[in-house]
Engineer: 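Just dropping this structure here.
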Amino acid sequence: VLGSLYALLFLLKAVLVLDDITGDMVIRQKDCYTVQSFHYDCERTRDEFGNPYGPTNADLMEISIKSLSSGKEKKIYELLTDMELHVFSIVFNAVYDSDRRISDYADAMLVTGYVAAVEEEFDSADPSKDMMRLKISIMLHTLTFLGEFTDKVLVIND
C-alpha cells in the first residue's frame, strides 16, 4: 500500500532551518528560508488486516524554498558534496523574539538525510527583485515530528 503525504501550507507558515532546532543554538530569522512546499512519499507493508509491519521505505523529500540570491545558499550547495547525514528543521508558525530569533513554534519536523540535488528557478516576472526558488532533494533517513502532542520518530529504510 502506497501512502502519500502532501503538505499544503495554506494557514501554516513554514521555514527551513539548515540545522537541528532542538539543540541549544540560536536560530536567527535571517538564517531561515521560507518554505513554498514540501513533499515526500512513504510506503509500508501491511498485513491482511491492514496493520503495518516492517520498515518504512521512502526515497526523496523535495523542499521548495524562496530565496533572495544573497549568497547564503552556498551552505546548501556545500551539503551536496557532504557524505555525512545532515539534520534540517522545517518549523511551522515560528515565533520570533525582539532580537529576531526563534523563541517558539507550533510544530516542527526534523529531517535527517543527504542532499541529493538542488535545482534553481528564477522569477522572470520581476528581474529587479532577483528572487530565486530552490528545490532541494533530500535522500531521507529519519523524520522526527515535534509538537505539543507528538514527538514521534519515523525511521526510513532501516
Side-chain angles (χ1 to χ4, degrees), residues 1-47 49-67 70-95 101-121 132-158:
V1 174
L2 177 63
S4 294
L5 176 63
Y6 295 95
L8 300 176
L9 306 174
F10 292 117
L11 300 175
L12 295 176
K13 292 184 180 182
V15 295
L16 174 69
V17 178
L18 300 181
D19 287 299
D20 182 347
I21 61 164
T22 61
D24 292 333
M25 64 184 311
V26 173
I27 307 293
R28 291 184 162 68
Q29 187 175 17
K30 69 178 184 170
D31 297 325
C32 300
Y33 298 90
T34 302
V35 173
Q36 298 292 302
S37 64
F38 69 91
H39 168 254
Y40 64 97
D41 288 329
C42 287
E43 181 178 298
R44 191 153 181 212
T45 306
R46 295 183 181 271
D47 64 17
F49 302 108
N51 299 319
Y53 68 91
T56 300
N57 298 307
D59 290 340
L60 297 173
M61 173 181 270
E62 293 182 348
I63 305 172
S64 292
I65 59 172
K66 208 170 31 171
S67 177
S70 61
K72 73 178 188 175
E73 296 80 16
K74 182 179 178 182
K75 172 74 173 164
I76 296 169
Y77 288 101
E78 289 172 0
L79 294 173
L80 272 168
T81 60
D82 196 352
M83 300 307 286
E84 308 261 335
L85 283 172
H86 189 74
V87 179
F88 304 86
S89 300
I90 299 176
V91 182
F92 299 98
N93 292 339
V95 176
R101 298 177 298 197
I102 293 179
S103 59
D104 199 9
Y105 54 87
D107 294 292
M109 183 168 46
L110 299 180
V111 178
T112 305
Y114 303 94
V115 175
V118 177
E119 295 179 38
E120 297 178 356
E121 185 178 291
M132 178 174 62
R133 180 180 305 187
L134 290 178
K135 184 167 84 175
I136 305 163
S137 297
I138 299 170
M139 182 72 67
L140 290 174
H141 183 265
T142 61
L143 295 174
T144 305
F145 303 95
L146 305 172
E148 185 176 345
F149 302 108
T150 181
D151 281 334
K152 180 180 178 182
V153 177
L154 177 61
V155 177
I156 308 292
N157 303 326
D158 200 26

Engineer: Specify the closest pair of heavy atoms between Met61 and Leu143, including all atoms of both residues, with the distance to one decimal.
Structural biologist: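 So the minimum-distance heavy-atom pair works out to CE-CD2, 4.0 Å.
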Engineer: Could you tell me which residues satisfy side-chain hydrogen bond (donor to acceptor under 3.5 Å, both in side chains) with Ser103, sequence neighbours excluded, listed by chain and number?
Structural biologist: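 By the side-chain hydrogen bond (donor to acceptor under 3.5 Å, both in side chains) rule, Ser103 matches no residue at all.
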Engineer: Looking at residues at least two apart in the chain, or sitting in another chain, which of them share a side-chain contact (heavy atoms from CB on, under 4.5 Å) with Asp31?
Structural biologist: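 Listed in chain order: Arg28.
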Engineer: For a 4.5 angstrom cut-off between non-hydrogen side-chain atoms, does Leu134 reach Glu120?
Structural biologist: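 SC-SC contact between Leu134 and Glu120 confirmed.
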Engineer: Output all residues satisfying side-chain hydrogen bond (donor to acceptor under 3.5 Å, both in side chains) with Thr112, sequence neighbours left out; order by chain, then residue number.
Structural biologist: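 Here the qualifying residues are Thr142.
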Engineer: Mind checking the CZ-CD1 spacing from Phe145 to Ile90? Nearest 0.5 Å is all I need.
Structural biologist: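 If I round to the nearest 0.5 Å, the distance is 9.5 Å.
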Engineer: Sequence neighbours excluded, which residues qualify as side-chain hydrogen bond (donor to acceptor under 3.5 Å, both in side chains) partners of Gln29?
Structural biologist: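 By the side-chain hydrogen bond (donor to acceptor under 3.5 Å, both in side chains) rule, Gln29 matches Arg100.
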Engineer: State the CG-OH distance between Leu140 and Tyr40, to the nearest 0.5 angstrom.
Structural biologist: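 One gets 8.0 Å once the value is rounded to the nearest 0.5 Å.
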Engineer: Do Leu16 and Ile136 have side chains that approach each other closer than 4.5 Å (heavy atoms only, starting at C-beta)?
Structural biologist: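 Result yes, sub-4.5 Å side-chain heavy-atom pair found.
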Engineer: Identify the two heavy atoms, one from Phe38 and one from Met109, that lie closest to each other, and give their separation to 0.1 Å.
Structural biologist: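 Here Phe38 and Met109 meet closest at CE1-CE, 3.4 Å.
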Engineer: Apply side-chain contact (heavy atoms from CB on, under 4.5 Å) to Asp47 and list each qualifying residue two or more places apart in sequence or on a separate chain.
Structural biologist: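 With neighbours one apart ignored, the set is Phe49, Asn51, Tyr53.
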Engineer: Distance from His141 atom NE2 to Tyr114 atom OH, nearest 0.5 Å?
Structural biologist: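 Reported value, rounded in 0.5 Å steps: 6.5 Å.
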Engineer: For residues 79-87, which side-chain donor-acceptor pairs fall under 3.5 Å, sequence neighbours excluded?
Structural biologist:
{"unit_1": "Thr81", "atom_1": "OG1", "unit_2": "Glu78", "atom_2": "O", "d": "3.0"}
{"unit_1": "Asp82", "atom_1": "OD1", "unit_2": "Glu84", "atom_2": "N", "d": "3.2"}
{"unit_1": "His86", "atom_1": "NE2", "unit_2": "Leu18", "atom_2": "O", "d": "2.8"}

Engineer: Determine whether a donor-acceptor pair (N or O, by modelled atom type, separation under 3.5 Å) exists between the side chain of Asn93 and the backbone of Tyr105.
Structural biologist: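 Side chain of Asn93 to backbone of Tyr105, a donor-acceptor pair under 3.5 Å: no, none is there.
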Engineer: Quick one: pull up OG in Ser89 and CG in Leu146 and give me the separation to the nearest 0.5 Å.
Structural biologist: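 It is 8.0 Å, given to the nearest 0.5 Å.
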Engineer: For the backbone of Lys135 and the side chain of Ser64, can you confirm whether one donor and one acceptor N or O come within less than 3.5 Å of each other?
Structural biologist: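 Not a single qualifying donor-acceptor pair exists.
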Engineer: Quick one: do Val91 and Ile27 satisfy side chain to side chain contact (heavy atoms under 4.5 Å, CB included)? Show the steps, please.
Structural biologist: CA-CA 11 Å; Val91 182; Ile27 307 293; over 6 Å; no
Engineer: For Ile65 and Gln36, work out which heavy atoms get closest and say how close.
Structural biologist: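 Reported closest heavy-atom pair: C-CG, 4.1 Å.
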